[in-house]
Number of protein chains: 2
Amino acid sequence: MNIQFKKGVLELCVLSMLFKKDCYGYELVNEISKNILISEGTIYPLLKRLKDEGYFTTYLEESQEGPPRKYYKLTDLGASTKVELEKEWFSFVEGVNKIVKEANERE
Amino acid sequence: MNIQFKKGVLELCVLSMLFKKDCYGYELVNEISKNILISEGTIYPLLKRLKDEGYFTTYLEESQEGPPRKYYKLTDLGASTKVELEKEWFSFVEGVNKIVKEANERE
DNA sequence: ATTTAGTACCTTGCATTCTAAGGTAGCTTG
DNA sequence: CAAGCTACCTTAGAATGCAAGGTACTAAAT
């Protein structure tokens, strides 16, 4: 998997996951990795940054399967940022696809 | 435009453009910028790197409108890399879209 | 009882790559 | 001859993903 593709997109992925439901960090790594391989060293600093920027709040909950889980809950700011980022993402993909497809139409 | 989205994708864009026809650097900036805003400071180091890696050869041609242009011509390695990168790109987009779309299917 | 494996949190230093800002130089037009 | 466009390039800075490391809890296996 191309590492560079991921830059900036993981933020959208995290916001999207949390838009669906509250998640804890370890869960995010596993769920997102089903579609895009990522590591813990990527997620935790990102979660910290996004929390500092006010995109979500956190709360702890105990688990029967290990140490307590820190859940992340999207704020209104987080939700509206998700919508913005999503738009930007689709428009970006469209731009790239246009270049790629035009190139393949050579005679 | 989200800077981070671009990481790694410009390589695909450049290879795609050159797959269509030989181009010079300044031309690549302008053509790609029609779909994705990029600056010269991005392209020239990238072209140098990709040339060093054997993705294309170069030749000079004089111009009536300014200084001579350095044209980039895709090698076989460059062309096959373009095909690989293109596949990775589509699969990556699919992965991200899956996450985004599933998140929007919450009740 | 101790080890192993899985869950779950986190930090640090490194690598990559895009950008802004700057520099050089040719050609054309006023 | 100055301005503006074309065309090349470099440098220092910012952003972010990763590997590798650490801590600690629980449960199962030895």
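Reminder, nothing fancy here: chain letters follow the sequence lines and each chain counts from 1.
- The aromatic rings of A:Trp89 and B:Phe92 sit perpendicular, their planes meeting at an angle over 60°, well past the 30° parallel limit.
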Protein proximity profile, nucleotides 7-18 of chain D - base contact B, sugar-phosphate-only contact S, no contact -, cut-off 4.0 Å on heavy atoms: BBBB----BBSB
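- First and last contacts of DNA chain C with chain B, using any nucleotide atom under 4.0 Å from a protein heavy atom and ordered 5' to 3', fall at C:dT17 to C:dT28.
- Hydrophobic clustering of Ile, Leu, Val, Met, Phe, Trp and Tyr side chains at less than 4.5 Å, counting indirect connections, unites B:Tyr59 with B:Leu77.
- B:Asn104 and A:Glu86 share a side-chain donor-acceptor pair at under 3.5 Å.
- A:Lys70 forms no cation-pi arrangement with A:Tyr24, by the criterion of a distance under 6.0 Å to the ring centre and an angle within 45° of the ring axis.
- Within the model, atoms CD1 of A:Ile32 and CE of A:Met17 stand 6.0 Å from one another, a figure rounded to the nearest 0.5 Å.
- Donor-acceptor pairing under 3.5 Å is recorded for the side chains of B:Thr58 and B:Lys51.
- To the nearest 0.5 Å, atom CG of residue A:Asp22 and atom CD of residue A:Glu61 are 9.0 Å apart.
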